[in-house]
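A short worksheet on the structure shown next.
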Amino acid sequence: MPAETLDPRGVRFTAWMTSGILALGLVTTSWRVLAAQTALFALCAFVGLRLNPWGHVYRQTVQPRLEPADEADREDPAPVRFSQGVGFVFALLAMIGYAAGWDFLGILANALALVAALLNAAFGYCLGCQMYPLARRLVPSGRSATDV
Amino acid sequence: MTAEWWALACAVTVAMFLGLVWRARQGRIRVRNTTADTDVERTVFDQLPQEINRTLRERVPAGSEGSQAVTLLQLSTTFCAPCRHTRILLAGLAERTEGIRHVEVDLTHHPDWSTPLGVHTTPTTLALDSTGRELFRFGGVPRRDKLTEVLRPYLG
């Protein structure tokens, strides 16, 4: 059972910010922009969602103006964290692509990450979470999963 | 326009298209034609290989053991955000409504179940009658009022 659930609006807020950075990365093809996003993804996926700077911005500026989220609407952090890990892989590929001058790889990985971030931001649909069963098929004994 | 701007435009368009398709399909109730290849209506259990059948039977006792009129069999996976919302909604519905039972199975631990059940996205919920026949199914989080309406005729 998750110790703490997430405000879904905070997750969407982060997704909008991520979309903004990824869109900027796409039009500038700058590996530095992607490096920054890769670091943010890594922070959320491997260290902890509490450290997400967009989460802090959300809690400081937006959340106080909103009604508290309904308990039933709150999100389990595990899928969100996993999807940040998927984002990390794509952002890393894009960064390597731009830095090494393989623009096609960079733009492709960057665009795919942007599609996923926009789906999360605009529709609340977590594309990264859909990768979990696939990842599990490749690594059957993979990471420990919280049973239901 | 340069390649970068084209890529941005494509990514935004694809995301909007996928999002709208996904939203339109959310929670829509579908009736699967189980009599397509045979004349007799088959139960969900009959469609499954024996081993899976046995495991599922343990979770969903049929006949006299399970006197519930309708079983909502929710198929979930571990890292699935809408599964949690569906679980809260269906568990609440089962608690408040006589004759409805909610059973959740995590397909992460039973990946071989998805093909025989025809479930390829999670959460998908199958509504089964007391003998295990599939009444209807829906993917994603259903609308509570819609679901109650569809269930009413089966609850007598």
Side-chain angles (χ1 to χ4, degrees), chain A residues 2 5-6 8 11 19 22-29 70-83 85-86 103-104 106-108 110-133 135-137 140 142-148, chain B residues 1-26 59 74-93 102-115 119-123 139-141 144:
Chain A
T5 52
L6 305 168
V11 177
S19 302
L22 289 171
L24 183 70
L26 200 53
V27 294
T28 58
T29 62
D70 189 347
E71 191 47 44
D73 287 337
R74 293 184 71 89
E75 281 189 33
D76 183 349
V80 177
R81 213 171 150 169
F82 178 79
S83 67
V86 177
D103 273 9
F104 181 75
I107 291 176
L108 185 69
N110 194 160
L112 289 172
L114 178 59
V115 169
L118 280 173
L119 277 173
N120 201 348
F123 299 96
Y125 176 73
C126 177
L127 188 63
C129 303
Q130 307 293 319
M131 308 277 291
Y132 180 70
R136 218 186 133 82
R137 214 164 291 173
R143 57 181 76 199
S144 67
T146 41
D147 199 353
V148 179
Chain B
M1 241 177 11
T2 56
E4 296 85 56
W5 286 96
W6 272 112
L8 179 64
C10 285
V12 172
T13 311
V14 167
M16 291 306 125
F17 175 75
L18 290 178
L20 290 172
V21 168
W22 173 72
R23 186 181 278 177
R25 292 172 59 103
Q26 264 298 288
R59 302 288 304 271
Q74 181 188 339
L75 289 323
S76 300
T77 42
T78 304
F79 289 139
C80 155
C83 292
R84 180 182 129 84
H85 303 281
T86 306
R87 178 191 318 141
I88 292 172
L89 195 152
L90 297 184
L93 186 72
H102 174 231
V103 176
E104 188 177 8
V105 172
D106 193 332
L107 284 187
T108 314
H109 309 298
H110 309 282
D112 48 331
W113 290 27
S114 62
T115 306
V119 172
H120 301 289
T121 54
T122 55
V141 187
R144 195 192 308 258

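Chain A is the first sequence line, chain B the second, and so forth, proteins listed ahead of strands; every chain is numbered from 1.
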Next on the checklist: To check you understand the geometry: which heavy-atom pair defines the closest contact between B:Pro123 and B:Thr86, and what is its length?
Outcome noted: CG-OG1, 3.4 Å
Checklist entry - Can you name the residues that form a ring-ring contact (aromatic ring centres under 6.0 Å, His included) with B:His120, not counting sequence neighbours? => result none
Item to check | A:Tyr125: partners by ring-ring contact (aromatic ring centres under 6.0 Å, His included), with sequence neighbours left out | outcome: B:Trp22
Item to check | Interchain contact, B:Ile88 with chain A, by part (heavy-atom threshold 4.5 Å) | outcome: side chain
Item to check | B:Val12, part contacting chain A, at a heavy-atom distance under 4.5 Å | outcome: both
Checklist outcome for this item: Pair count under 4.5 Å, heavy atoms only, with chain A: among B:Thr121, B:Thr13, B:Val105, B:Leu20, highest is B:Leu20
Next on the checklist: Checking side-chain polar atoms at under 3.5 Å, does B:Thr108 have a donor or acceptor matched by the opposite partner on B:Thr77?
Outcome noted: no
Checklist entry - Does a donor on one side chain sit under 3.5 Å from an acceptor on the other, for A:Asp103 and A:Thr29? => result no
Checklist entry - What part of A:Arg74 lies closer than 4.5 angstrom to a heavy atom of chain B: side chain, backbone, both or neither? => result both
Next on the checklist: Under 4.5 Å from any heavy atom of chain B, what part of A:Leu26 do you find: side chain, backbone, both or neither?
Outcome noted: both
